J.: 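Sharing a structure, written as structure tokens. Questions coming.
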Protein chains: 2
Amino acid sequence: MVREITDIARTHLAREGAAGLSLRAVAREMGMASSAVHRYFPTKDDLLTALIIDGYNALGDAAEASQHDRTDPADRWLALGHAVRDFALDRPHEYALLYGSPVPGYQAPQDTIAPAMRTTLVYGRIIADARPTSPVAVSPPAVIAPDVDALRSVMPGVPDEVVIPAVTAWTALFGAVSFELFGQFGDTITHRREIFDEGMRSLARYLGL
Amino acid sequence: MVREITDIARTHLAREGAAGLSLRAVAREMGMASSAVHRYFPTKDDLLTALIIDGYNALGDAAEASQHDRTDPADRWLALGHAVRDFALDRPHEYALLYGSPVPGYQAPQDTIAPAMRTTLVYGRIIADARPTSPVAVSPPAVIAPDVDALRSVMPGVPDEVVIPAVTAWTALFGAVSFELFGQFGDTITHRREIFDEGMRSLARYLGL
DNA sequence: TGCTCGTCAAGAGCACTGCTCTCTTTTCTG
DNA sequence: CAGAAAAGAGAGCAGTGCTCTTGACGAGCA
């Protein structure tokens, strides 16, 4: 039942986005009374949470799958980038739900952070395996040492001076995907994928992969 | 009248976000009938457009102001980053409206792109003035030459091999701000501003500023 | 002066939303 | 087979965007 609701909800989400998602519409499509859906998802936010978790897991699956049979760090990085970008282009509303503005009043519960970490961990493993020596690396100031340690937890063993560049490249990836998806580039660019790839390769050199 | 509506709408937007914005609530606060508001903004999207344009202009103002009395490229880059980040932290819902997921069904009209470009142009001027020689720059493949030209239009005179890194740094900035604002970092980081700064400085070295 | 005419606002109404409450039906279990 | 628990239905509340009709008001013109 929960499964059927989330499946239908996902198609609605894909068609009209998170704000256009309506419990009543889902109920209608199932031939149920709208009140019955509330038994499975007391609140619209609960349904959204389920969709978010599913989304993170789907992206995590894609991210992990992208690493199969790849060893070269720059290659793995590019493959991960493609996994994220393809997911975003394939399921834009889901990507927006995960990495776009949070829906107002919605506070992501704890259950979402583990699935969300999966993709991040794939990235962390690339960095950790590569042990890169970024050409522009500089030791971070002592003030942020605890934060650097916290950030390092996803990329164990990576030296201090690489942690910040690694995080920065990670934000650049999602910034690029979000810009492309949310129309920030306008319609001036024609070879979107090639531009994306070139940015990813540039970041690989930045990181020293 | 239009001014008063947008002002009240902005406070509502700041309090509850774009989806929580209600024409009726604005009308109530003005002591008007809800139908009267529709005379000035036929549709909720029209009101949103006005808020978006105002938001881009406010950010553009801040971005331009951040450049006064600054000449060092790395310094200007950091100042611009702070302008964007401060704006986002100050007015999170407005930032989300500009750079987060687009509200479903809403298509940004042409009038928004000129204000949106203001901030981008500030960045382009930094790059154009600095004429950086990125340590990791590589000539882009010929396929994307037209796109590189299009992207160069905001940073005139910048050589081919710097355009892509420049765009990538730009996406990294907004990726970092969005990650921080949308809670992607969780609550593990304590010195957010210092981490942000360190990332910005790292990107400055990446660009060769 | 008298009279249109366009602007502004109000009010009612439609179709929709999330959510709650009560009541009935179905299903499972001892 | 009877009773309890679960599942669903239905009505209802308060809210939404938006439309349509109706009424007030003031400027321009005969």
Side-chain angles (χ1 to χ4, degrees), chain A residues 1-54 93-94 96-97 100-109 111-112, chain B residues 1-54 93-94 96-97 100-109 111-112:
Chain A
M1 207 68 190
V2 165
R3 181 92 211 151
E4 189 176 347
I5 293 177
T6 53
D7 281 349
I8 294 181
R10 201 186 338 276
T11 71
H12 287 206
L13 174 65
R15 205 171 334 124
E16 323 176 48
L21 181 61
S22 143
L23 287 187
R24 290 181 112 112
V26 173
R28 249 191 320 267
E29 189 163 329
M30 295 182 64
M32 281 172 85
S34 67
S35 54
V37 178
H38 284 279
R39 192 170 298 274
Y40 300 94
F41 295 97
T43 258
K44 195 184 170 186
D45 281 1
D46 296 311
L47 178 55
L48 274 183
T49 299
L51 291 174
I52 287 174
I53 291 176
D54 285 1
H93 289 113
E94 278 187 80
L97 195 58
S101 7
V103 306
Y106 176 79
Q107 190 60 16
D111 334 19
T112 62
Chain B
M1 206 70 189
V2 164
R3 180 90 212 152
E4 189 177 347
I5 293 177
T6 53
D7 281 348
I8 293 181
R10 202 187 337 276
T11 72
H12 287 206
L13 174 66
R15 203 170 336 124
E16 324 175 47
L21 181 61
S22 144
L23 287 187
R24 289 180 114 111
V26 173
R28 246 190 324 267
E29 190 163 329
M30 294 182 64
M32 279 174 87
S34 67
S35 53
V37 178
H38 283 280
R39 190 171 301 274
Y40 300 95
F41 294 97
T43 259
K44 193 182 170 186
D45 282 1
D46 295 311
L47 178 54
L48 273 183
T49 298
L51 291 175
I52 287 174
I53 292 177
D54 285 359
H93 289 113
E94 277 188 80
L97 195 58
S101 8
V103 305
Y106 176 80
Q107 191 60 17
D111 333 19
T112 63

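All figures in this text were calculated on a predicted structure; none of them were measured in a lab. Chain letters run A, B, ... following the sequence lines, proteins first, then strands; residues in each count from 1. Computed over heavy atoms, backbone and side chain alike; hydrogens, waters and symmetry mates excluded.
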J.: Rounded to the Å, how far apart are B:His38 NE2 and C:dA12 P?
T.: 16 Å
J.: As an exercise, state the distance from CD1 of A:Ile52 to CG of A:Asp111, rounded to the nearest 0.5 Å.
T.: 10.5 Å
J.: Any donor-acceptor pair under 3.5 Å between the side chain of B:Arg24 and the base of D:dG15?
T.: no
J.: What residues, two or more places apart in sequence or in another chain, satisfy salt bridge (Lys or Arg N to Asp or Glu O under 4.0 Å) together with A:Asp7?
T.: A:Arg3, A:Arg10
J.: B:Ile5 CD1 to D:dG17 P: how many Å, rounded?
T.: 13 Å
J.: Has B:Ser34 got a side-chain atom pairing as donor or acceptor with B:Ala27's backbone, closer than 3.5 angstrom?
T.: no
J.: Given A:Glu4 and A:Tyr40, is the side-chain contact (heavy atoms from CB on, under 4.5 Å) satisfied, shown in steps?
T.: CA-CA 11 Å; A:Glu4 189 176 347; A:Tyr40 300 94; over 6 Å; no
J.: Assign A:Leu47 to base, sugar-phosphate, or nothing according to its heavy-atom contacts below 4.0 angstrom with the strands shown.
T.: nothing
J.: Is B:Ser34 near enough to D:dG17 that one of its side-chain N or O atoms lies under 4.0 angstrom from OP1 or OP2?
T.: no
J.: With side-chain contact (heavy atoms from CB on, under 4.5 Å) as the test, would you mind laying out the steps for B:Met30 and B:Met1 before giving the verdict?
T.: CA-CA 10 Å; B:Met30 294 182 64; B:Met1 206 70 189; 3.9 Å; yes
J.: Check whether the side chain of A:Ser35 and the base of D:dG8 form a donor-acceptor pair under 3.5 Å.
T.: no
J.: Using the closest heavy atom to pick a nucleotide of DNA chain C for each, name whichever of B:Arg39 or A:Lys44 lands nearer the 5' end.
T.: B:Arg39
J.: Can you find a pair of side-chain heavy atoms, one from B:Leu51 and one from B:Glu94, that are under 4.5 Å apart?
T.: no
J.: Tell me the bend of the helix from C:dT1-D:dA30 to C:dG30-D:dC1 as the angle between end helix axes, each from five pairs, rounded to the nearest 10 degrees.
T.: 10°
J.: Hey, does the side chain of B:Arg28 come within less than 4.0 Å of D:dT16's phosphate (OP1/OP2), counting only N and O?
T.: yes
J.: Measure from CE on A:Met32 to P on C:dT26 and round the result to the nearest Å.
T.: 15 Å
J.: Which residue pairs pass the side-chain hydrogen bond (donor to acceptor under 3.5 Å, both in side chains) test with at least one member in residues 21-33 of chain A, sequence neighbours excluded?
T.: A:His12-A:Glu29
J.: Nearest to the side chain of A:Met1, heavy atoms from C-beta on, is which of D:dG8, D:dT16, C:dA9?
T.: D:dG8
J.: Give a yes/no on whether any side-chain N or O of B:Tyr40 is located under 4.0 angstrom from OP1 or OP2 of C:dC8.
T.: no
J.: Measuring to OP1 and OP2 of D:dC18, would you say a side-chain N or O of B:Thr43 lies under 4.0 angstrom away?
T.: yes
J.: Grab the CG-C1' distance between B:Leu23 and C:dG11 for me, whole Å please.
T.: 17 Å
J.: How many whole angstroms separate atom CG of A:Leu21 from atom P of C:dC16?
T.: 16 Å
